[in-house]
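Everything on this sheet refers to the single structure shown next.
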Amino acid sequence: MNLSAIPTVALVGNPNCGKTALFNALTGSRQKVANYAGVTVEKKEGLAELPDGRRLRIVDLPGTYSLRARSPDEAVTRDAVLGRLPGEPAPDVILCVADATNLGLVLRLALELKTTGRPLVFVLNMIDIAERQGIEIDVDALSRALGAPVTATVATRRRGLDTLLEIAAAQAAGTSDLGPDLWREPSAADVRNAHRAARDLMRSAVRPPSRPDTLTGRLDGVLLHPAAGLLILLGLLFLMFQAVFAWAAPLQDLTEAGFAALGAAATAGLPTGWMQGLVVDGLIAGVGSVLVFLPQILLLFVFILLLEDSGYMARAAFLMDRIMGGAGLHGRAFIPLLSSFACAVPGIMSTRVIDNRRDRLTTILTAPLMTCSARIPVYTLIIGALIPERTVGGFLSLQGLVMFGLYAAGILSALAVAFVIRKVLWRGGSEPFMMQLPDYKIPDPVNLLRNLGQKAWAFISRAGRIILPLMVLVWALSTWPSAPEGAEGPAIAYSAAGRIGHWLEPVFAPIGFSWEMVVALIPGMAAREVAVAALGAIYAVGGAEGDLAGVLSRQWPLASGLAFLAWYVFAPQCVATLAVVRRETGGWVWPGIMFAYMLALAYLAAFIVHHVAVAFGLG
Amino acid sequence: MSSDALRAAPGSAVRLGDMQPGFRGVIVAVRRPSGSAAGATDPEELELRLLEFGFVEGARVEVLHEGPIGGDPIAVRVDDMRVALRRNEAMNVILTEASA
Ligand SMILES: Nc1nc2c(ncn2[C@@H]2O[C@H](COP(=O)(O)OP(=O)(O)O)[C@@H](O)[C@H]2O)c(=O)[nH]1
Ligand SMILES: [Mg+2]
């Protein structure tokens with residue numbers, strides 16, 4: 001199929017006007033998501049088919065208020081519209097998508113889009129809500145004033161799509177009479193003039209709502225209330241944690257059992273030897289250890305999508321802005337950091353909601369310090385083995401207290417790191433926080449499921465493409481060379497990983513790590529919780545963690561155990577996180593910086609903890 | 001233009017960044033912030049952002065809510081749209097109080 005023969009239609013509009021919903025409705029499942037060359041902005045395109053068989057190539061672009069780009073996302077929108085992207089011709093038609101209940105700003109954008117000389121179609125989306133509110137729009141007057149066809153749609157109900165496609169195809173067919181591209185970076189005076197023109201347009205073509213939306217105002221009265229609003233936000237967070245940790249558990253057990261069964265079947269079906277090891281310990285166990293987080297991640301995304309689609313997310317950012325701002329983080333960093341308690345991978349993926357590049361990078365760099373669920377197996381094992389089951393202060397469990405301390409250490413160090421990044425990396429004042437607070441909406445279930453499916457697939461395919469090869473590499477390092485006949489001790493001691501462990505031992509001696517602990521860190525490179533399995537293999541005990549805890553409690557000095565815990569507060573070992581940072585930042589520079597600073601902090605923290613503990617006689 | 005606008009309406013011109021919830025007014029000027037008030041963003045950039053969010057001379061503004069800590073940021077209605085912004089940036093929006 002020759003794609004270049006199919007006219008290209010670009011969707012441009014303010015954030016939250018329903019562009020993505022419209023894109024999904026127009027293209028159905030015929031879409032692909034890729035990255036624009038050289039930038040990290042997601043590029044979504046798909047094919048729409050008219051009843052008569054004609055086709056249009058639809059491109060969804062990041063939301064913007066102006067072609068004057070403020071963020072990398074907006075720069076993509078500008079460059080795509082102006083045909084400045086390498087290998088991407090300017091679109092044949094621009095669909096300017098508008099939230100019909102909120103036309104003021106988008107009319108100014110439409111006037112700016114007109115200056116590019118490209119054929120324009122003005123789409124009054126969310127016309128259902130406008131009708132409900134009794135907003136009257138004189139489509140003919142608007143069309144005349146804009147010099148472009150105007151049509152109404154309801155993206156979530158698939159209303160008005162055929163007419164829209166018909167108009168777009170007709171506009172594309174008439175592309176021969178393109179106007180000249182007169183667009184230039186608008187000055188403040190230009191923006192003022194365009195606003196004036198847009199306001200005149202509004203006055204002549206739009207009658208204000210006869211039944212204005214009062215729900216949003218009433219809800220905001222509660223949800224943005226200085227006390228009640230914060231309490232509700234905390235309640236929602238509690239519910240989210242509850243969901244991620246308690247409700248996901250049965251599904252996780254099921255996933256785990258599934259992979260265990262798969263492993264057992266493969267063990268039975270394959271002849272003993274390295275092939276079996278590769279498939280069972282490398283592939284199946286490797287992918288399983290990542291996919292076991294899928295239920296948590298899906299639940300988390302359900303919450304986040306619900307909060308986003310309903311319009312609440314902007315309110316959460318509003319409530320948290322000052323609290324986060326103290327550490328130099330943007331209000332919008334709140335949700336990505338929260339997500340990172342489950343797993344830093346979806347957390348880092350959701351930093352896309354932060355439009356400023358610096359704020360986004362700060363958030364990405366600090367997200368892995370949140371105690372993700374992969375650390376929990378490590379914490380549980382070491383705490384269970386080394387911290388006595390005692391109560392302190394009458395009712396507090398010492399073990400629980402240590403666990404809480406580890407979480408708190410993660411949060412506090414994230415705030416401290418963000419603060420330092422602000423002071424060292426990008427000095428100067430903070431970026432302005434300016435954000436539209438969209439009207440509340442009841443989330444559309446079909447739209448939600450589709451978005452959820454896309455996120456789930458992104459996670460699964462990443463597990464396949466990036467994590468899998470690395471798991472195999474780590475497995476190979478821990479397997480070869482194999483132990484000689486009649487060798488003493490665990491086989492892993494003779495492998496490349498074991499040798500590296502012995503070789504690195506002097507480096508880790510100052511922080512109280514034995515060579516066994518160092519070896520466990522190496523397969524643990526793939527994912528933090530793999531360290532538990534590695535310790536099991538090293539101490540050659542059966543899978544039962546109880547036994548392993550017993551061995552550790554006899555063999556590890558308390559000071560070393562505490563240092564190991566301190567290490568894992570910062571431990572940079574998570575291939576999935578580093579890979580997603582590479583993807584989101586478009587290179588190895590930022591994952592490199594992240595790895596280096598986390599490694600340095602891990603070493604420093606373990607060093608301090610070890611020496612303080614020894615000084616207190618816990619060695 | 002900003003100082004002219006301030007002088008043109010003596011006594012009644014106020015800065016959006018100083019206002020409390022319940023205040024209603026009309027924008028008489030959007031200033032280009034001077035020096036450090038602009039933070040990391042250059043002054044023209046901030047002025048443009050304010051303009052692009054609808055803070056433009058003649059727009060009606062109502063302060064709706066303020067943040068839980070230090071009353072910052074604020075949520076305001078600009079014509080028909082709700083926008084959240086920090087008081088620091090809102091200092092560049094000059095208004096006169098609406099009569100009723
Ligand atoms: N009632 C109604 N809701 C819509 C319509 N189009 C989109 N939405 C909802 O508006 C919200 C924002 O849509 P989205 O596509 O994410 O906006 P984008 O930021 O422009 O991509 C979502 O909750 C959609 O379900 C519509 O035509 N009618
Ligand atoms: Mg979108």
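Chain letters run A, B, ... following the sequence lines, proteins first, then strands; residues in each count from 1.
Side-chain contact between B/Val56 and A/Arg196 is absent, with no heavy-atom pair separated by less than 4.5 Å. With a 4.5 Å cut-off on side-chain heavy atoms, A/Arg108 and B/Glu52 count as touching.
Closest of all the heavy-atom pairs between B/Leu48 and A/Pro186 is CD2-O, 4.1 Å. Nearest heavy-atom pair across B/Pro68 and A/Pro226 is CB-O, 3.5 Å. Shortest non-hydrogen contact noted between A/Phe318 and B/Ile74 is CE1-C, 3.5 Å. Heavy atoms only, all atoms of each residue included: A/Phe433 and B/Pro73 are closest at CE2-CG, 3.8 Å. For the residue pair A/Ala188 and B/Arg32, the shortest heavy atom distance occurs at CB-NH2, 4.0 Å. Closest approach of B/Ala75 and A/Leu224 over heavy atoms only: CB-CD1, 4.4 Å.
Between chain B and the residues A/Met435, A/His225, A/Met320, the most heavy-atom pairs under 4.5 angstrom are made by A/Met435. Top candidate by heavy-atom pairs under 4.5 Å with chain A, chosen from B/Glu44, B/Arg77, B/His65, B/Glu66, is B/His65. If you tally non-hydrogen atom pairs under 4.5 Å between each of B/Val78, B/Leu51, B/Ile69, B/Val83 and chain A, the highest count goes to B/Leu51.
Using a 4.5 Å cut-off between heavy atoms, B/Asp72 contacts chain A through both its backbone and its side chain. Contacts between B/Leu64 and chain A at a heavy-atom distance below 4.5 Å are absent for every atom of the residue. For chain A, the nearby parts of B/Ala59 are the backbone and the side chain; heavy atoms of each come within less than 4.5 Å. With a 4.5 angstrom heavy-atom cutoff, A/Leu319 touches chain B via backbone and side-chain atoms both. At a 4.5 Å heavy-atom cutoff, the contact between A/Thr216 and chain B is made by backbone and side-chain atoms alike.
Between A/Asp439 atom CG and B/Met81 atom CE the span is 11.0 Å, to the nearest 0.5 Å. Note that CG of A/Leu103 is 12.0 Å distant from CG of B/Asp79, once rounded to the nearest 0.5 Å. Taking CD of B/Glu45 as the reference point, atom CZ of A/Arg68 lies at 4.5 Å (rounded to 0.5 Å).
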**Test salt bridge (Lys or Arg N to Asp or Glu O under 4.0 Å) applied to B/Glu47 and A/Arg192, step by step** = CA-CA 11 Å; B/Glu47 182 189 10; A/Arg192 285 190 168 90; 3.1 Å; yes
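Heavy-atom contacts from other residues, nucleotides or ligands closer than 6.0 Å to CD1 of A/Ile442 number 12 or fewer. In this structure, A/Tyr440 places its OH atom where more than 12 heavy-atom neighbours from other residues, nucleotides or ligands lie under 6.0 Å away.
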